[in-house]
Amino acid sequence: MINVDISNIWGSVSLPDLLALEKEVSAAHAALTDGTGIGSDYLGWRDLPTAEPTQELERIRKAAERIRTDSHVCVVVGIGGSYLGSRAAIELLQGANRNVGKGKGDPQIFFAGNSLSTRHWNELMHLLEGKDFSVIVISKSGTTTEPAIAFRALKWMLERKYGTDEANRRIYAITDPVSGALHQMAEENRWESFVIPPNVGGRFSVLTPVGLLPMAVAGIDITEVLQGAAEAKEAYNNLRSFENPVWLYAAVRNLMYRSGKAVEILESFEPGFRMFGAWWQQLFGESEGKDGKGLFPVTAEFTADLHSLGQLIQQGERNIFETMLRFDAPEQKCTIGSDVNDLDGLNYLTGKTLDFVDEQAYLGTLAAHVDGGVPVVTMDCGELNARKMGELFYFFQLSCGVSAYTLGVNPFNQPGVEFYKRNMFQLLGKPGYES
Ligand code: PA5
């Protein structure tokens, strides 16, 4: 289990206040498990770790193997919940630079359709030059503008490069089982297709083919991911008290919010963490930010961001709290060597490992921020591997559901996202949006 340590929050809130929240958190968790809360049509994610049929998992593995065999590059097209989870897992487990030096047998993975940037598109075109590639297109609705534009162009490129039949063999669609433009295109062109269950919302879909197929293409053991999530489902649902780290995290978030903290910063000391932070940010931001409520979720990567956000965290407005994730150090160590001249003054660290320095940076940061009046929740996550990835996904999804119900909002809708789309469609002259 992830160990949630709240010993560094007491400067701002009190134990009786926390204990007073136990009933609300308990009710929120019960509403989630019994399906009696608002938005209960979208609770399919709760059972995903054990829901995917074995044949379907085998089909995902086979599709991934085919892509690994016949492609230098796999382009994953999708936005929001349709790409953040897989990218989070790939970068946290394999590093943000994993594409360097990859090719057939272990393809590079690029993400497209998550912006409308011409620069980003031109860069992708350049990266695809002379490469064999396949496309995984992911859209639950099948109509989202950004991925639809990118996919139209990539499909055309595949057809031009390989001809229609081979292009169709290189397209993998993940979408709604019955409706939407992508579903229809997939049927008509006989693309290998996978389903996003109707009762699973986009940002809760990482443990469906949405997350599993790109992870498998990256060479991540998806059985281990699902096993980690299954163990989390069991462990975090069965414990109904503040001994449950999910309860503790959900309660502290609500307590912080009620005591005037407006911003939560989720942090790790791993550079590969940025996209996991982005996944978490969408999960909590889109689930809780409604009805005039919600913590503003921000992510940071230390120590890099100590040199950008560190000043603000230390001495800026006291409306923030931090959640720091820690992972066990890897087995392979890096030791700092000595230098005859010692002009950089680092000889005092000779023989020390980089992990040791990182640990002191963590402890020093924790103490400084707590002294500066910022409550810090720490999460000891243990070893970082595929199984842990599954646990982390499930832990945060369950925490999000419990936290949002405690806040009193529906975690499973996103009505606000439609406003920008409506304006954009009107400006673009999309039929039906003229006035
Ligand atoms: O969580 C959500 O529902 C959203 O973030 C969606 O994932 C995102 O808008 C993409 O939608 P779609 O998969 O329908 O293209």
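Reckoned from all heavy atoms, side chains included, excluding hydrogens, waters and symmetry mates. We count ligands from 1, going down the list as the structure has it; atoms in each ligand are counted the same way. Values in this document were obtained by computation on a predicted structure and should not be read as measured data.
Between the side chains of Lys140 and Ser205, no donor-acceptor pair of N or O atoms lies under 3.5 Å.
Which parts of ligand 1 touch Arg203 is read off a 4.0 Å heavy-atom cut-off, strictly below it: atoms 1 (O), 2 (C), 3 (O). Of all atoms in ligand 1, listed by their number and element, those nearer than 4.0 Å to a heavy atom of Thr144 are 11 (O), 12 (P), 14 (O), 15 (O).
Among protein heavy atoms, the minimum distance from atom 5 (O) of ligand 1 is reached at Gln282 NE2, 2.4 Å. Of all protein heavy atoms, the one closest to atom 3 (O) of ligand 1 is Gly202 N, 3.5 Å. At the shortest separation from atom 4 (C) of ligand 1 among protein heavy atoms lies Glu286 OE1, 3.4 Å. Looking only at protein heavy atoms, the nearest one to atom 10 (C) of ligand 1 is Ile79 O, 3.3 Å.
Looking at Arg387 and Glu391, no side-chain N of the basic residue comes within less than 4.0 Å of a carboxylate O on the acidic one, giving no salt bridge. Between Arg98 and Asp106 there is a salt bridge, with a side-chain nitrogen of the basic residue lying less than 4.0 Å from a carboxylate oxygen of the acidic one. Using a cutoff of 4.0 Å between basic side-chain nitrogens and carboxylate oxygens, Arg190 and Asp165 are not scored as salt-bridged. Ion pairing between a basic and an acidic side chain is recognised when a charged N comes within 4.0 Å of a carboxylate O; Arg253 and Glu264 show such pairing.
Within the set Ala148, Ser141, Gly85, the minimum heavy-atom distance to atom 14 (O) of ligand 1 is found for Ser141.
Of the N or O atoms in Gly81, one or more lie within a sub-3.5 Å distance of an N or O in ligand 1. Checking only distances, Lys421 never comes within under 3.5 Å of ligand 1, N or O to N or O.
Note that Arg326 lies in the cation-pi zone of Phe269, set by a 6.0 Å cut-off to the ring centre and a 45° limit from the axis.
Other residues, nucleotides and ligands contribute at most 12 non-hydrogen atoms within 6.0 Å of the NZ atom of Lys62.
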